[in-house]
Chemist: 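The following block contains the structure, expressed as structure tokens.
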Protein chains: 2
Amino acid sequence: MKNIVSQYRKQQGYSQDKLAELLGVSRQTIISIEKGKYNPSLPLAMMIANVFQTTVESMFTLEADDYK
Amino acid sequence: MKNIVSQYRKQQGYSQDKLAELLGVSRQTIISIEKGKYNPSLPLAMMIANVFQTTVESMFTLEADDYK
DNA sequence: GTATAATGTAAAATGAACTTTACGTAAAGA
DNA sequence: TCTTTACGTAAAGTTCATTTTACATTATAC
């Protein structure tokens with residue numbers, strides 16, 4: 001999985017802290033998602049897309065090796 | 001989270017077993033998702049949407065109480 | 001040059017997603 | 001009636017998503 005969360009976040013001028021707060025998650029969660037350490041849960045992914053008024057598919061892209 | 005996976009699946013004439021096989025997951029996983037026992041991971045949700053040639057957003061919908 | 005803000009790392013703990021196995025039920029057909 | 005197909009439940013185990021805490025780095029700004 002790739003994602004462009006940090007691009008959207010910076011476009012909006014949000015810090016990681018601010019985004020975490022908007023989403024109701026910890027800052028660690030944002031860092032880990034942006035750095036690709038793990039994938040967000042589905043509801044979190046949808047909330048991230050919502051915050052930036054876009055779709056899950058335009059924010060996150062599947063890669064060959066993510067079968068799960 | 002609500003989802004309409006079983007509707008799409010039946011429209012395509014797939015059994016739960018067949019869908020599980022197409023996705024590379026167990027039948028239990030399909031049952032549990034359809035019954036709302038838990039949410040799929042993000043990559044799995046995207047693969048489900050792909051199989052039915054639709055989007056994550058049209059397959060899964062956030063509800064008030066899913067903040068994560 | 002010291003405070004502050006933003007980003008990062010690491011590790012331990014919890015809960016959720018997923019697998020495997022095994023068993024139960026119901027319908028459909030030969 | 002026996003077999004097969006589809007759907008469901010339950011429980012134990014593994015891995016992954018998320019939190020919390022604590023500390024490190026870098027840049028800016030005063």
Side-chain angles (χ1 to χ4, degrees):
Chain A
M1 283 275 307
K2 266 183 192 162
N3 76 74
I4 52 175
V5 174
S6 78
Q7 289 177 44
Y8 274 89
R9 177 176 60 79
K10 286 168 189 163
Q11 272 172 20
Q12 293 290 321
Y14 293 151
S15 67
Q16 293 174 331
D17 222 11
K18 175 72 177 178
L19 177 57
E21 191 196 338
L22 285 173
L23 292 167
V25 298
S26 72
R27 186 171 61 94
Q28 263 319 304
T29 295
I30 303 302
I31 290 174
S32 299
I33 291 167
E34 286 189 356
K35 297 237 115 187
K37 286 203 159 194
Y38 51 72
N39 304 126
S41 67
L42 177 57
L44 182 51
M46 294 182 78
M47 291 181 66
I48 292 172
N50 282 353
V51 163
F52 296 112
Q53 302 190 82
T54 186
T55 61
V56 168
E57 277 85 358
S58 65
M59 194 67 122
F60 299 93
T61 57
L62 277 178
E63 290 174 302
D65 58 326
D66 334 295
Y67 71 71
K68 229 176 281 169
Chain B
M1 280 279 306
K2 268 186 190 154
N3 75 74
I4 52 175
V5 174
S6 77
Q7 288 177 45
Y8 273 92
R9 177 177 59 78
K10 286 168 188 161
Q11 271 172 22
Q12 293 290 319
Y14 293 152
S15 65
Q16 293 174 331
D17 222 12
K18 175 71 177 178
L19 178 57
E21 190 196 339
L22 284 172
L23 292 167
V25 299
S26 72
R27 185 172 62 96
Q28 262 320 301
T29 296
I30 303 302
I31 290 174
S32 300
I33 290 167
E34 286 190 356
K35 299 237 113 189
K37 288 202 158 193
Y38 52 69
N39 303 124
S41 67
L42 177 57
L44 182 51
M46 295 182 78
M47 289 181 65
I48 292 172
N50 282 352
V51 162
F52 296 111
Q53 302 189 83
T54 186
T55 61
V56 168
E57 278 85 358
S58 64
M59 194 68 121
F60 300 93
T61 58
L62 277 178
E63 290 174 302
D65 58 324
D66 334 296
Y67 69 70
K68 224 176 281 173

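Lettering follows sequence order; numbering is per chain, from 1.
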Chemist: So, OP1 or OP2 of D:dA17: does either fall under 4.0 Å of a side-chain N or O from A:Ser32?
Modeler: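 Indeed not, no polar side-chain atom of A:Ser32 lies that close.
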Chemist: Expressed as a whole number of angstroms, how long is the span from B:Met46:CE to C:dA17:P?
Modeler: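 Nearest whole value for this atom pair: 18 Å.
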Chemist: To the nearest 0.5 Å, how far apart are OG in A:Ser58 and CD in A:Gln53?
Modeler: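 That separation rounds to 11.5 Å.
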Chemist: Nearest whole Å is fine: how far is D:dC16 P from A:Leu42 CG?
Modeler: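 So the CG-P distance, A:Leu42 to D:dC16, works out to 18 Å.
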Chemist: Hey, quick one: are A:Ile33 and A:Ile31 part of the same hydrophobic cluster, counting side-chain heavy atoms closer than 4.5 Å, chains of contacts allowed?
Modeler: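 Not linked; separate clusters.
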Chemist: Would B:Ser26 and B:Thr29 count as a side-chain hydrogen bond (donor to acceptor under 3.5 Å, both in side chains) if you check the C-alpha gap in whole Å, the side-chain angles of each, and the deciding distance to 0.1 Å?
Modeler: CA-CA 5 Å; B:Ser26 72; B:Thr29 296; 3.1 Å; yes
Chemist: For B:Arg27 and B:Tyr38, take the nucleotide of DNA chain C holding the closest heavy atom to each; which residue's nucleotide lies nearer the 5' end?
Modeler: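 Residue closer to the 5' terminus by nearest nucleotide: B:Tyr38.
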Chemist: Touch check for A:Ser26, heavy atoms < 4.0 angstrom, all strands: base, sugar-phosphate only, or nothing?
Modeler: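 The answer is base, as A:Ser26 lies within the cut-off (heavy atoms under 4.0 Å) of a base atom.
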Chemist: Between B:Ser41 and C:dC18, is there a contact of a side-chain N or O with OP1 or OP2 at under 4.0 Å?
Modeler: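 Looking at the OP1 and OP2 atoms of C:dC18, one of them is under 4.0 Å from a side-chain N or O of B:Ser41.
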Chemist: Can you tell me if the side-chain N/O atoms of B:Arg9 get under 4.0 Å from OP1 or OP2 in D:dC7?
Modeler: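 Checking D:dC7 against B:Arg9, a side-chain N or O does come within under 4.0 Å of OP1 or OP2.
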Chemist: Using whole Å, report how far NZ of B:Lys35 lies from C1' of C:dC18.
Modeler: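 Going from B:Lys35 (NZ) to C:dC18 (C1'), I get 19 Å.
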Chemist: Does a side-chain N or O of B:Asn39 approach OP1 or OP2 of C:dA16 to a distance below 4.0 Å, or not?
Modeler: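 Looking at the OP1 and OP2 atoms of C:dA16, neither is under 4.0 Å from any side-chain N or O of B:Asn39.
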Chemist: To the nearest Å, how far apart are A:Asp66 CG and D:dT15 P?
Modeler: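 Rounding to the nearest Å, CG of A:Asp66 and P of D:dT15 are 18 Å apart.
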Chemist: Closer than 4.0 Å, any side-chain N/O of A:Lys37 to the OP1 or OP2 of D:dA17?
Modeler: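 A:Lys37 to D:dA17 OP1/OP2: no side-chain N or O under 4.0 Å.
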Chemist: Spell out yes or no: do the side chain of A:Gln28 and the base of C:dT7 have one donor N/O and one acceptor N/O closer than 3.5 Å?
Modeler: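 For A:Gln28, whose side chain was compared with the base of C:dT7, there is no donor-acceptor pair (under 3.5 Å).
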Chemist: Tell me the interatomic distance from A:Ile33, atom CD1, to C:dG8, atom P, rounded to whole angstroms.
Modeler: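 After rounding, the reported distance stands at 13 Å.
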Chemist: Take atom CD of A:Glu21 and atom P of D:dT19, then tell me their distance rounded to the nearest Å.
Modeler: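 After rounding, the reported distance stands at 14 Å.
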Chemist: What's the CD1-C1' distance between A:Ile31 and D:dT19, to the nearest Å?
Modeler: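 Distance, rounded to whole Å: 13 Å.
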Chemist: Hey, are the side chains of B:Met1 and A:Met46 touching, using non-hydrogen atoms and a 4.5 Å cut-off?
Modeler: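 Side chain of B:Met1 against side chain of A:Met46, heavy atoms only: contact under 4.5 Å found.
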Chemist: What is the separation between atom CD on B:Glu34 and atom P on D:dC7, rounded to the nearest whole Å?
Modeler: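 The answer, rounded to whole Å, is 8 Å.
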Chemist: Output the distance between atom OG1 (B:Thr61) and atom CD1 (B:Ile4), rounded to the nearest 0.5 Å.
Modeler: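 So the OG1 of B:Thr61 and the CD1 of B:Ile4 are separated by 8.0 Å.
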